[in-house]
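Below is one structure, written out as structure tokens, with a few remarks after it.
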Amino acid sequence: MSLKKAYEPYFKMGAAVPFYALKDQRAVEELCSQYDSFTCENEMKPMFLLDREENMRHPKEHDRSPAVRFDGIRGILDFAQEHGLKMRGHTLVWHGQTPFWFFREGYADEKDAPLVDRETMLARMESYICSVLTFFEEEYPGLIYAWDVVNEAVNDGDLRQSLWTKVIGEDYILHAFRFARKYSKQGVGLFYNDYTTYEPWKREIICEKILKPLQAEGLIDGMGMQSHLLMDEPAMEEYEKALLTYGALGLQVQVTELDIHNADPSEASMEALAARYKELFSILVRAKKNGTADITNVTLWGLNDDLTWLTDFRKEKSYPLLFTGEFQPKKAYYEVLGVPELIEKE
Ligand code: GLA
């Protein structure tokens with residue numbers, strides 16, 4: 001049995017993978033045997049695809065058409081194709097891991113260099129999205145089934161203020177999706193992706209200011225709930241409410257970055273982790289089965305407890321995933337694996 005087999009009637013199962021991890025054959029085995037989808041943890045973010053040297057060497061030539069490079073990701077894309085894996089594209093437009101020079105005149109690296117005007121930035125955004133989507137369509141057709149077009153555009157009670165809003169304005173989101181729609185093949189899902197999407201205020205803003213306006217123009221296919229959860233937060237009722245709210249809009253929902261921070265590896269604590277995963281997956285499978293949320297993918301943010309960003313981020317060793325650092329399945333793995341059968345019996 002495997003996660004992808006158990007969840008086949010419901011949704012794709014995925015994992016986020018940093019390239020270096022695939023040097024370990026055990027990681028390759030876990031990825032290929034358990035999942036039918038994966039996400040590059042970092043390597044497809046703008047800071048890795050934008051060609052810094054070329055843009056700085058020929059800033060005039062690239063003023064409205066930034067140079068991009070794909071040599072760093074070909075290996076992993078070939079790997080995915082050879083192994084029959086599909087991918088989530090993460091992420092096109094984000095305030096994070098996007099270089100400041102991308103927004104500046106002449107691609108200048110100095111912090112006080114002037115920002116470009118709105119028209120230039122819109123041209124750069126369109127060109128970037130076009131280059132990336134065209135590359136994938138031409139060279140790896142069918143490999144990517146969903147794109148996070150815009151990531152994390154909300155915080156502090158409203159739309160996030162970032163270099164994107166400063167240079168373009170709040171309608172940068174709309175433009176990003178227009179460009180993504182323009183250059184993507186039919187059938188490739190376009191997603192808005194964010195964290196703590198279960199918080200009531202955030203849910204409200206995402207629905208009213210982002211999803212509904214995009215839907216009105218037919219520009220969006222799905223909502224990405226990152227789902228970096230804690231052991232005691234959110235309450236599962238809150239999570240379910242958000243899931244059903246997004247589902248009720250008629251959009252697909254994908255759980256794009258799932259992990260549950262837990263710094264205590266004791267048996268009791270890992271059992272509690274397993275129970276929380278079980279509860280969450282029960283909610284997901286039920287919603288899919290009842291047709292209350294069209295969940296099309298659930299992605300774990302990491303292959304095992306030694307390959308989790310949380311240990312750095314939380315500044316304490318975290319044990320948040322389904323496999324141990326030695327690639328051994330944990331109690332949480334078996335609980336998640338068993339959920340579809342339990343729900344079928346209900
Ligand atoms: C956010 C981003 C991801 C990743 C995680 C931490 O959730 O969307 O790309 O950077 O933070 O790994």
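Whatever order the structure lists ligands and atoms in, that order sets their numbers, starting from 1. Quick caveat, the model's predicted, so the values are computed rather than measured. Numbers for residues simply follow the sequence, beginning at 1.
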Thr296 vs Val253, test: side-chain contact (heavy atoms from CB on, under 4.5 Å). Steps then yes/no.
CA-CA 6 Å; Thr296 48; Val253 181; over 6 Å; no
Counting heavy atoms only, which of Tyr195, Trp301, Trp94 comes nearest to atom 12 (O) of ligand 1?
Trp301
Between the side chains of Asn297 and Gln252, does any donor sit under 3.5 Å from an acceptor?
no
Could you find the nearest protein heavy atom to atom 7 (O) of ligand 1 and give me its residue, atom name and distance?
Glu257 OE1, 2.3 Å
Taking only heavy atoms of Glu41 into account, list the atoms of ligand 1 that are under 4.0 Å away from them.
12 (O)
Test side-chain contact (heavy atoms from CB on, under 4.5 Å) applied to Asp63 and Thr120, step by step
CA-CA 8 Å; Asp63 191 36; Thr120 305; 4.0 Å; yes
What protein heavy atom is closest to atom 4 (C) of ligand 1, reported as residue, atom name and distance in Å?
Lys45 NZ, 3.5 Å
Which atoms from ligand 1 have a heavy atom of His228 less than 4.0 Å away?
7 (O)
Taking 4.0 Å as the limit for heavy-atom contacts, which would you say applies to Asn151 with ligand 1: side chain only, backbone only, both, or neither?
side chain
Any side-chain heavy atom of Met270 sitting closer than 4.5 Å to one from Lys331?
no
Among Thr299, Asn151, Asp259, find the residue that satisfies the side chain to side chain donor-acceptor pair (under 3.5 Å) test when tested with Gln226.
Asn151
Within ligand 1, which atoms have a heavy atom of Glu152 less than 4.0 Å away?
1 (C), 2 (C), 7 (O), 8 (O)
Out of all atoms in ligand 1, which are within 4.0 Å of some heavy atom of Gln97? Include the element for each.
10 (O)
Show the numbers, then the answer: is there a side-chain contact (heavy atoms from CB on, under 4.5 Å) between Leu77 and Phe135?
CA-CA 12 Å; Leu77 303 179; Phe135 166 78; 3.7 Å; yes
Heavy-atom nearest neighbour in the protein, as seen from atom 9 (O) of ligand 1, with distance rounded to 0.1 Å:
His90 NE2, 2.4 Å
Short N/O distance, under 3.5 Å, between Trp309 and ligand 1?
no
Determine, for Lys182 against Glu126, whether the closest basic-nitrogen to carboxylate-oxygen distance falls under 4.0 angstrom.
yes
